[in-house]
Amino acid sequence: MENFWAGVLWATEIWLYLIVCLIMIPAMFGFSLGISETYMNILVQTLEWATLNIQKANAEEESAKASASNGLIQREHGSMEKELGELRRSRPKPPVGGDFTLSDCFYFTRRGIESIVDDEVTQRFTSEELVSWNLLTRTHNDFQYISLKLTLVYGLGIFVRYCILAPLRITLAGIGLTWLVIGTSAVGFLPNCRVKFWLSEWVHVMCYRICARGLSATIRYHNKENRPKKGGICVANHTSPIDIVILCNDGCYAMVGQVHGGLMGIVQRAMVRSCPHVWFERSEMKDRHLVTKRLTDHVNDKTKLPILIFPEGTCVNNTSVMMFKKGSFEIGATIYPVAIKYDPKFGDAFWNSSKYSMVSYLLRMMTSWALVCNVWYLPAMHQQEGEDAVHFANRVKSAIAHQGGLVDLQWDGGLKRAKVKDTFKEQQQKKYSSMVVGDDSSSNSD
Amino acid sequence: MGSSRSSLRRVPDGQQLLQETGFSAAVLLRLHQRFQFLDKDSRGHLRSEDLEAELSENPMGDRIVGAFFQPGQETVDFPSFVRVLAHFRPTEKNRTRGGEQPEPANSRNRKLKFAFQLYDRDRDGKISRTELLQQVLREMLGLQVTEEQLQSIAERAIQEADLDRDHAICFDEFRKSLEKVNIDHKMSVRFLE
């Protein structure tokens with residue numbers, strides 16, 4: 001019995017030594033041993049083989065033409081006046097009593113049904129359907145039995161992912177977080193001097209690198225000369241909480257967010273000791289002036305790190321960019337746009353917050369094969385003379401969408417959750433009633 | 001891309017709905033995904049709140065939502081959802097059918113019947129003056145018109161269509177008053193293939 005426990009202890013020691021040497025030390029000092037590259041190569045080859053097999057099997061069956069990036073329907077875009085006018089053409093306009101016809105309902109009914117069925121917005125909130133299969137049933141909604149070989153490989157894949165990769169990654173993540181808390185608290189004891197800033201940056205980057213290894217993340221940075229500088233605001237599209245790890249691997253940013261309790265709260269408090277971040281109480285978030293003021297103060301202090309903000313306000317599935325909220329664009333600081341695009345071949349990074357909790361999402365991430373993403377730093381943008389915040393926000397959004405190869409959408413990400421306000425309905429009623437009751441002077445409304 | 005025929009397995013009554021409604025398999029799948037999105041708590045059916053969220057801008061929103069639910073029922077499952085939407089498929093011009101086959105959901109007559117039921121809330125086969133006045137018109141126009149204006153509008157609408165002078169509009173009168181309107185175009189939604 002004792003031998004058994006001694007053996008287990010010995011195995012754990014070896015395990016930890018291996019982790020420290022092969023993963024942590026390179027992470028701390030920023031060089032690579034080439035293990036990840038070999039792993040990725042093997043992975044790519046296996047996935048290609050699996051895809052070929054599936055495509056062969058499906059060649060005979062007719063495939064659906066529905067493309068994932070189009071909406072389900074094509075909406076009619078006629079205005080209310082035009083459509084109702086066409087409906088009423090069949091009868092003469094009565095002189096008195098208002099112009100209402102029974103056919104008016106067709107217009108509203110059709111529009112209503114279009115709204116119920118139209119999934120252009122929701123397409124962006126469901127995970128991308130892959131053309132090939134990456135041996136994860138979660139991205140391919142329909143697992144069929146195709147051949148024994150394929151199923152064996154899939155089974156092997158499950159074993160590797162859950163029994164080898166997952167514990168490794170969880171260990172790393174744990175180490176990374178602990179080190180972040182301890183390191184930043186330790187640095188916080190030092191007086192404010194250049195050494196402190198340098199040390200704090202080093203601790204932060206190191207911990208994020210460990211976390212990135214913990215997710216087997218391969219990140220390619222492009223255009224590093226455009227990296228955000230102090231006193232600016234860094235703006236990026238949002239796909240998951242991992243975006244923070246991705247961006248902070250290559251630079252230090254000040255975070256903005258709500259104060260949380262529990263584990264997140266501990267991390268937040270520790271981080272703030274070594275360098276200033278902007279954490280808001282939940283009640284403060286409602287007060288827009290207070291938020292703007294704090295952000296402006298932070299930005300005006302040129303010694304403070306650039307702020308990292310995700311203006312979409314919510315996670316989108318990385319095929320498009322949703323409407324940017326204008327709050328961060330009103331401050332008047334230099335904006336450094338950054339585009340992040342994940343490669344879906346290796347794992348779906350999108351966090352569907354209505355479907356998965358944070359913990360189950362992180363577990364999913366840790367049992368994926370790997371995370372590959374590209375980060376593009378775009379040249380700095382300034383608000384131009386006479387340009388309002390909304391217009392500026394849209395300009396930045398287009399630049400990011402263009403660079404990352406994402407679709408530029410006008411929809412508000414908040415539509416995912418919130419109910420549309422009642423004033424929209426009143427507007428429609430007003431418009432319609434002016435057509436029914438009408439002024440005596442004109443025959444067309446505004 | 002993975003085959004959708006076999007994925008149709010996951011759609012309740014998939015094969016039957018394909019034949020009944022005339023939707024293609026691809027559209028049916030997308031509708032199922034949309035249904036699952038609207039069904040936020042994954043119950044397998046929709047309640048009126050789930051649909052109302054999409055129609056908050058539409059003056060006839062409540063009426064349209066009501067059309068999905070059978071009288072007395074508070075939930076709608078996927079097959080019923082699709083059967084209502086089948087009314088909005090564009091009419092096929094040269095479809096030949098035998099005498100025994102039931103009338104397709106997207107025929108001109110069925111579309112008119114659907115619209116009629118939007119007005120005829122209590123489903124008694126007639127649109128009475130009160131129904132038109134208080135329920136439909138008031139909802140569509142909200143607080144933008146006065147009571148007198150509303151009354152005169154309702155009065156005139158009924159006078160125009162009411163041929164047998166019973167102060168109500170039955171389905172035949174409804175159909176007759178709309179015979180010149182291009183129903184197929186106005187009551188159809190273009191589903192992409």
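The structure displayed is predicted, hence computed values, not measured ones. All chains are named by letter (A, B, ...) in the order of the sequence lines, taking the proteins before the strands, and each is independently numbered beginning at 1.
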Looking at side-chain heavy atoms only, is the closest gap between R110(A) and V189(B) below 4.5 Å? yes

Distance col, row T109(A):OG1 vs L118(B):CG, nearest 0.5 angstrom, shows 5.0 Å

Measuring from atom CG of L55(B) to atom CD of E114(A), what distance do you get when rounded to the nearest 0.5 angstrom?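 Answer for the CG-CD pair, L55(B) versus E114(A), is 11.5 Å.
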
Sub-3.5 Å donor-acceptor pair from the side chain of R63(B) to the main-chain atoms of C105(A), do we have one? no

Does N58(B) reach the main-chain N or O of R111(A) with its side chain, forming a donor-acceptor pair under 3.5 Å? no

Contacting moiety of F114(B), where chain A heavy atoms sit under 4.5 Å: side chain

Below 4.5 Å from any heavy atom of chain A, which atoms of F68(B) appear? Answer side chain, backbone, both or neither.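 Just the side chain, heavy atoms under 4.5 Å.
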
If the condition is side chain to side chain contact (heavy atoms under 4.5 Å, CB included), which residues does F106(A) pass it with, not counting sequence neighbours?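 For F106(A) the side chain to side chain contact (heavy atoms under 4.5 Å, CB included) partners, ignoring immediate neighbours, are L87(A), S103(A), L112(B), A115(B), L178(B), V181(B), I183(B), K186(B), M187(B).
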
